[in-house]
2 protein chains.
Amino acid sequence: MPTVSIPRKEQIETAATDLFKSRGYAATSMRHIASKVGIEAASIYSHLKSKEHILIKICFKMAKEFIEGIKLVQKTNVTSEAKFKAAVISHVNIITGDIAASAVFWNEWRHLSEPLLSEFVAMQREYEQAFKLIIEQGVNEGVFEVRDISFTVMAMLSSLNGIQKWHNYTLPPEELNEAFATFFAQGIRKQVEE
Amino acid sequence: MPTVSIPRKEQIETAATDLFKSRGYAATSMRHIASKVGIEAASIYSHLKSKEHILIKICFKMAKEFIEGIKLVQKTNVTSEAKFKAAVISHVNIITGDIAASAVFWNEWRHLSEPLLSEFVAMQREYEQAFKLIIEQGVNEGVFEVRDISFTVMAMLSSLNGIQKWHNYTLPPEELNEAFATFFAQGIRKQVEE
DNA sequence: CCTACCGATCGGTAGG
DNA sequence: CCTACCGATCGGTAGG
C-alpha cells in the first residue's frame with residue numbers, strides 16, 4: 001500500500017505556518033523552515049517565491065474563509081439571535097479548524113507590505129461590518145441592547161481571535177462553539193429588568 | 001522656565017516600547033530605537049544592558065501591575081458581582097494607561113528567554129487564577145452561572161488584552177470600563193428563566 | 001534540490 | 001555619546 005506523499009510545497013507551507021505561530025514571522029528564517037522540512041534553505045525557492053509570499057497566502061486564505069462564513073450566515077432566514085450565534089460559531093469553527101494559520105492571520109499580518117497590506121485591512125473591516133449588521137438587526141428588533149456596536153464587535157472579535165493563544169483548551173471544539181455563542185448572546189441580550 | 005528633560009534611559013525605553021508594539025520585538029533593531037531617540041545604536045548600551053533587558057522590564061512591569069490590581073480588588077468587602085466588575089475595570093485601566101506597553105506585554109513575551117520566561121508565565125497563571133476565584137465566588141453564591149470557569153476567564157482576558165489592537169476606540173477610557181464590566185457581567189449572570 | 005555565495009543587517013564590544 | 005568594528009545571520013540568487 002503506497003502512502004500518498006504530501007507535496008513538498010504544502011510541507012513547506014505547513015512548517016512555515018507552525019514556525020510563524022510559535023516564533024513570529026520576523027524571527028523565523030528560511031533556514032528554520034527548510035530545516036523543519038529536511039531540505040536546504042535555497043531549495044525552498046524552487047517551490048515558493050519568497051518568505052512574504054507564504055505569509056500572504058496564509059493571511060488571505062483565512063480572511064477569505066471568515067468573510068465567506070459570515071456571508072453564508074447572512075443569507076439564512078432565521079431570528080437575529082440565531083443568526084448572531086451562527087456567526088460566532090462560524091468564526092470559532094474556522095479558528096479551531098486551523099489554529100496555527102489563525103495565529104498567523106491575527107498576529108503577523110502587519111508584516112505584509114503594500115499594496116496587499118491595505119487590501120488585507122479592508123477585508124478585516126468588511127468582516128467587522130458584517131458582524132455589526134447582524135447585531136444591529138437584533139437591536140432594531142428589540143432583542144439585543146448594546147452600549148456601542150463597534151465596541152461590542154471589537155470586544156467579541158478580540159475574544160474569539162484570542163483562542164489561538166490559549167494554553168488551556170478546557171472545552172472540546174464543539175463545546176467551545178456553544179460556550180462562546182451563549183456567553184456573547186447573553187452579554188448583549190436586552191434585559192427585562194435590572 | 002527651564003523644562004525638565006526626560007532622562008535618556010526613559011526616552012530609550014519609551015521609543016523601544018512603541019517600536020516593539022508597531023513592528024514587533026524581533027523586527028525592531030537597536031538602530032531603529034537609537035534613530036528614534038536621535039543617537040547612535042552603540043550609545044544605547046551606556047544606558048541599558050541589552051535589547052532583551054528592555055523587553056524584560058516592560059513585560060514584568062505590566063505583569064506586576066495586573067497582579068497588584070486584582071489583589072487590591074480581592075481585599076475589598078463587596079458583593080461578588082461588584083468584585084468581578086472591579087477586577088475587569090482594574091484590567092481595562094491598566095491597559096488604557098499604557099497601550100504600547102500592554103501590546104508588548106501581550107504579544108512579545110515569548111521572546112523572553114529562560115529562566116525569566118517561566119517566571120513570566122507563572123505570573124500570568126497566578127493572575128488567571130485570581131480571576132477564577134472571583135467568578136467561583138459568584139457561582140457559589142448563585143449570582144453567576146458559567147459553563148466552564150477556565151473558558152470564561154480565557155475568553156474575557158483575550159477580549160480585554162485585545163484592546164491594544166483596536167483600530168477603533170469608539171468609547172473613551174472611562175466608558176470602556178463600564179462597557180466591558182457590564183458586557184461580561186451580563187454574559188455570566190445566572191438566568192432566571194430561558 | 002544542492003553547493004557556493006552575495007550584500008545587507010543584526011546585537012553587541014573596544015576604546016576613547 | 002561617538003567611530004570603528006566584530007562574527008553571525010539574514011533573504012535571496014547563480015548555476016548546475
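Worth saying up front: this structure is predicted, and the values here are computed from it rather than measured. By convention in this document, chain letters (A, B, ...) are assigned in the order of the sequence lines, proteins followed by strands, and residues within each chain are numbered from 1.
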In the 5'-to-3' direction, what one-character label does each nucleotide of nucleotides 3-16 of chain C receive under the scheme B = base within less than 4.0 Å of a protein heavy atom, S = sugar-phosphate only, - = no such atom? BB-----BBBB---

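Taking the ring-ring contact (aromatic ring centres under 6.0 Å, His included) definition, one finds that B:Phe60 meets it with B:Phe120, sequence neighbours left out. For B:Arg110, the side-chain contact (heavy atoms from CB on, under 4.5 Å) partners are A:Glu108, not counting sequence neighbours. Residues forming a ring-ring contact (aromatic ring centres under 6.0 Å, His included) with A:Phe20 (at least two apart in sequence, or on another chain): A:Tyr25. The ring-ring contact (aromatic ring centres under 6.0 Å, His included) search around A:Phe131 returns A:Tyr127, not counting sequence neighbours. Not counting sequence neighbours, B:Ala42 has no partner by the side-chain contact (heavy atoms from CB on, under 4.5 Å) test.
Listed by first then second residue, pairs satisfying side chain to side chain donor-acceptor pair (under 3.5 Å) with a partner in residues 145-156 of chain A read A:Lys132-A:Ser150, A:Asp148-B:Thr170, not counting sequence neighbours. Applying the ring pair (Phe, Tyr, Trp, His ring centres under 6.0 Å) test to residues at least two apart or on different chains, none of the pairs has a partner in residues 27-49 of chain A. Residue pairs that meet the salt bridge (charged side-chain N to carboxylate O under 4.0 Å, His left out) test with at least one member in residues 64-76 of chain B, sequence neighbours left out, are B:Lys71-B:Glu126.
Between the side chains of A:Thr14 and A:Glu10, no donor N or O sits under 3.5 Å from an acceptor N or O.
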Just distance, no hydrogens or angles: give the donor-acceptor pairs under 3.5 Å from side chains in residues 93-106 of chain B, sequence neighbours left out.
residue: B:Asn93; atom: OD1; partner: B:Asn177; partner atom: ND2; Å: 3.2
residue: B:Asn93; atom: ND2; partner: B:Ile89; partner atom: O; Å: 3.4
residue: B:Thr96; atom: OG1; partner: B:Val92; partner atom: O; Å: 3.0
residue: B:Thr96; atom: OG1; partner: B:Asn93; partner atom: O; Å: 3.4
residue: B:Asp98; atom: OD1; partner: B:Ala101; partner atom: N; Å: 3.1
residue: B:Ser102; atom: OG; partner: B:Asp98; partner atom: O; Å: 2.8

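Across residues 107-118 of chain A, not one residue has a non-hydrogen atom less than 4.0 Å from an atom of DNA chain C.
Contacts of A:His47 with the nucleic acid, taken as non-hydrogen atoms under 4.0 Å apart, involve only primed sugar atoms and P, OP1 or OP2.
Between its opening and closing five pairs, the helix from C:dC1-D:dG16 to C:dG16-D:dC1 changes axis direction by 0°, a value rounded to 10 degrees.
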